[in-house]
Participant: 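Have a look at this one before I ask anything.
In what follows, chains carry the letters A, B, and so on, assigned in the order in which the sequence lines appear, proteins first and then strands, with residues in each chain numbered from 1.
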Amino acid sequence: MYALVDCNNFYAACERLFRPDLKHRPIVVLSNNDGCVVARSYEAKALGIKMGVPIFKVREDIRRHNILVFSSNYTLYGDISARVMCTLEAMAPRVEVYSIDEAFLDVHGVSHCRDLVAFGGEVRQRVYQDTGITVCVGIAPSKTLAKLANYAAKKYPATKGVVDLSDPLRRRRLMHITPVDEVWGVGRRLAVRLRDMGINTALQLADYNKKALRRHFSVVLERTARELNGEDCLDFEQVAEPKQQIMCSRSFGERIHRIEPMREAVAKYVANAAAKLRAEHQRAQAISLFMRTSMFSDREPRYSNAATVKLMRPSDDTRVLMKHAQALVGKLWRDGFAYAKAGVLLGDFYPRYVWQPSLLDLLEVDPRADKLMATMDAINAKQRGAVFWARQNNGTQWRMKQEFLSPAYTTDWQQLPRVR
DNA sequence: TCTGGGGTCCTAGGACCC
DNA sequence: TCTGGGGTCCTAGGACCC
């Protein structure tokens with residue numbers, strides 16, 4: 001039995017935590033580079049602001065309804081998320097942190113001695129008391145059903161934010177009135193194909209012939225259908241699996257026409273990715289770079305290209321990765337385009353202390369590398385961005401837009417909220 | 001004028017092996 | 001001219017998630 005705990009309007013709720021004056025006001029939070037709307041308060045949803053819409057398309061609504069706009073403040077959201085998870089871990093024996101704003105709890109044991117709805121209510125109350133964040137709780141025998149339960153807990157106010165789908169009949173009633181595209185694992189494309197086959201509701205998917213689903217689609221959708229029938233098919237991952245790749249990419253604040261700012265941006269992305277790599281205690285043997293013009297402009301000539309290099313030996317040394325990335329910039333760069341985005345991808349990982357060198361491997365390792373990187377990481381852990389690569393040049397042209405950024409209330413001494 | 005960033009898993013197809 | 005039946009590994013692309 002699983003409980004899915006999901007924060008309500010998480011980013012918007014975080015922005016409100018230290019701004020009680022924003023209670024009941026419509027709020028939207030933008031993606032990186034202030035591009036699209038990625039989160040909305042209830043009030044903003046009620047005004048018809050859609051998820052994922054580019055900000056320029058709703059500028060008029062924002063002005064007319066006096067909607068408050070925020071840039072993404074991941075420093076804040078990450079810290080609040082950690083506090084929410086901390087409370088959840090105190091309440092359940094096993095917790096899988098699934099994303100920044102949701103977690104699965106293993107409540108197999110709880111169900112023997114407690115009423116699950118009462119337990120869900122207690123989770124809501126404790127999280128609110130500890131963090132000021134409101135959550136909804138969905139309880140069911142499979143993760144996919146727990147997701148569905150959570151959807152119902154959010155959608156139907158009468159549930160008071162907790163839905164228990166232990167009862168198969170109750171499951172069927174809910175699935176009957178739930179469109180198939182609300183099912184976890186059914187995205188836009190699949191939904192279209194399913195509807196073409198006459199599968200419109202979650203219940204129709206659950207009841208469909210499993211062999212046929214596998215034949216027409218894939219084992220993934222078959223699993224989803226089984227999960228809807230209460231079959232527990234997905235792993236519970238209490239400890240996150242090591243990552244298989246690490247990406248750092250950004251759209252630029254402004255288009256880039258010269259190679260030098262591109263080199264600066266790539267330098268920053270490599271430094272970021274390498275720091276993440278070291279935090280995972282991994283080394284990478286492959287590094288890829290991509291760069292491209294905007295996908296949305298019809299007038300400008302388009303260009304998009306990517307390349308990968310394989311290193312002689314896996315590395316987590318920013319200097320080594322940087323050299324390869326900069327060589328790739330030279331390889332991919334073409335004059336005459338308005339570049340909009342670039343990114344660095346690290347892959348082919350080996351655990352830090354497991355590397356079988358070849359007898360013919362004559363490359364010398366820099367004995368100072370580990371210490372140098374560790375020192376940099378330690379300094380940057382205390383003060384973000386305190387030490388950086390000269391190559392980055394703190395460029396302003398490519399730096400992402402963050403016009404509406406709120407303070408890092410909880411993670412920076414300089415930005416603590418003040419009470420007067 | 002202005003359209004995010006970071007991941008995962010699965011499948012198909014090609015190269016290659018015995 | 002006819003030409004099996006397995007297997008692995010890799011990559012690209014498509015789908016999904018938040």
Participant: Please confirm whether K243(A) makes a cation-pi placement over F349(A), using NZ or CZ under 6.0 Å from the six-membered ring centre and within 45° of the ring normal.
Facilitator: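 The answer is no; the distance or angle limit is not met.
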
Participant: Looking only at side-chain N and O atoms, does R255(A) come under 4.0 Å of OP1 or OP2 in dT1(B)?
Facilitator: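 Negative; the distance criterion is not met.
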
Participant: Are R352(A) and D316(A) within salt-bridge range, i.e. N to O under 4.0 Å?
Facilitator: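 D316(A) and R352(A): salt-bridged.
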
Participant: Would you say R59(A) reaches dT1(B)'s phosphate, i.e. side-chain N/O to OP1/OP2 under 4.0 Å?
Facilitator: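 The answer is no; no side-chain N or O of R59(A) sits under 4.0 Å from OP1 or OP2.
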
Participant: What is the distance from CE of M295(A) to C1' of dG5(B), rounded to the nearest Å?
Facilitator: 12 Å

Participant: Using whole Å, what does the distance between atom P of nucleotide dC10(B) and atom CZ of R215(A) come to?
Facilitator: 20 Å

Participant: If each of A340(A) and Q244(A) is mapped to the nucleotide of DNA chain B with the nearest heavy atom, which maps nearer the 5' terminus, i.e. the 5' end?
Facilitator: A340(A)

Participant: Can you tell me which nucleotide in dC2(B), dT11(B), dG4(B) comes closest to the side chain of S218(A)?
Facilitator: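 For the S218(A) side chain, the nearest candidate turns out to be dT11(B).
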
Participant: Across the strands shown, which category fits V53(A) at heavy-atom distances under 4.0 angstrom: base, sugar-phosphate, nothing?
Facilitator: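 No contact.
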
Participant: Of the listed nucleotides (dC10(B), dT8(B), dG6(B)), which one gets closest to any side-chain atom of Q245(A)?
Facilitator: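 Ranking dC10(B), dT8(B), dG6(B) by closest atom to the Q245(A) side chain puts dT8(B) first.
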
Participant: Of all the nucleotides listed (dC17(C), dG4(B), dC10(B)), which has the minimum atom distance to the side chain of S251(A)?
Facilitator: dG4(B)

Participant: Can a side chain N or O of S249(A) be found less than 4.0 Å away from OP1 or OP2 on dG6(B)?
Facilitator: yes

Participant: Can S406(A) and N73(A) be counted as having a side-chain donor-acceptor contact under 3.5 angstrom?
Facilitator: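 A donor-acceptor contact under 3.5 Å links the two side chains.
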
Participant: Grab the CG-C1' distance between L221(A) and dC9(B) for me, whole Å please.
Facilitator: 14 Å

Participant: Could you tell me whether L30(A) contacts a base, only the sugar-phosphate backbone, or nothing, with contacts defined as non-hydrogen atoms closer than 4.0 Å?
Facilitator: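 No contact.
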
Participant: Return the orientation label for the H108(A) and Y2(A) ring planes: parallel under 30°, perpendicular over 60°, tilted otherwise.
Facilitator: perpendicular

Participant: Just the rounded figure in Å: distance from P of dG6(B) to CG of N32(A).
Facilitator: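 My rounded result for the distance is 7 Å.
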
Participant: Rounded to the nearest Å, what distance is computed from the CG atom of residue L194(A) to the C1' atom of nucleotide dC16(C)?
Facilitator: 13 Å

Participant: Give the rounded distance in Å between these two atoms: CH2 of W184(A) and C1' of dC18(C).
Facilitator: 11 Å

Participant: Rounded to whole angstrom units, what separation is found between the CD atom of E403(A) and the P atom of dG4(B)?
Facilitator: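 About 16 Å, once rounded to whole Å.
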
Participant: Tell me: CZ of R214(A) to C1' of dC9(B), nearest whole Å?
Facilitator: 14 Å

Participant: So, OP1 or OP2 of dC18(C): does either fall under 4.0 Å of a side-chain N or O from K147(A)?
Facilitator: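 Checking K147(A) against dC18(C): at least one side-chain N or O falls below 4.0 Å of OP1 or OP2.
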
Participant: Salt-bridge test for R64(A) and D61(A): reply yes if a basic N is under 4.0 Å from a carboxylate O, no otherwise.
Facilitator: yes

Participant: Applying the Watson-Crick and G-U wobble criteria at under 3.5 Å, what pairs with dC18(B)? Answer none if nothing qualifies.
Facilitator: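 Because both required distances fall under 3.5 Å, dC18(B) counts as paired with dG5(C).
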
Participant: With a 4.0 Å limit, can you tell me whether S31(A) has a side-chain N or O closer than that to the phosphate oxygens OP1/OP2 of dT3(B)?
Facilitator: no

Participant: Heavy atoms under 4.0 Å, any strand shown: does D34(A) hit a base, just sugar-phosphate, or nothing?
Facilitator: nothing

Participant: Do any side-chain nitrogens or oxygens of K341(A) fall under 4.0 Å of OP1 or OP2 in dG5(B)?
Facilitator: yes

Participant: Could you please name the option among dG4(B), dG7(B), dC18(C) that lies closest to any side-chain atom of Y74(A)?
Facilitator: dG4(B)

Participant: Nearest to the side chain of C248(A), which nucleotide is it out of dG7(B), dG6(B), dG4(B)?
Facilitator: dG6(B)

Participant: Measuring to OP1 and OP2 of dC10(B), would you say a side-chain N or O of R223(A) lies under 4.0 angstrom away?
Facilitator: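 Indeed, a polar side-chain atom of R223(A) lies that close.
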
Participant: Please step through salt bridge (charged side-chain N to carboxylate O under 4.0 Å, His left out) for the pair E254(A) and K401(A), ending with a clear verdict.
Facilitator: CA-CA 9 Å; E254(A) 290 172 34; K401(A) 279 194 253 172; over 6 Å; no

Participant: Which of the following nucleotides, dG4(B), dG7(B), dA15(C), is nearest to the side chain of K243(A)?
Facilitator: dG7(B)

Participant: Under 4.0 Å, counting only non-hydrogen atoms across every strand here, what does L190(A) touch: a base, just sugar-phosphate, or nothing?
Facilitator: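 Sugar-phosphate contact only.
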
Participant: With no hydrogens and no angle check, just 3.5 Å: does a side-chain donor-acceptor pair link Y303(A) and N305(A)?
Facilitator: yes

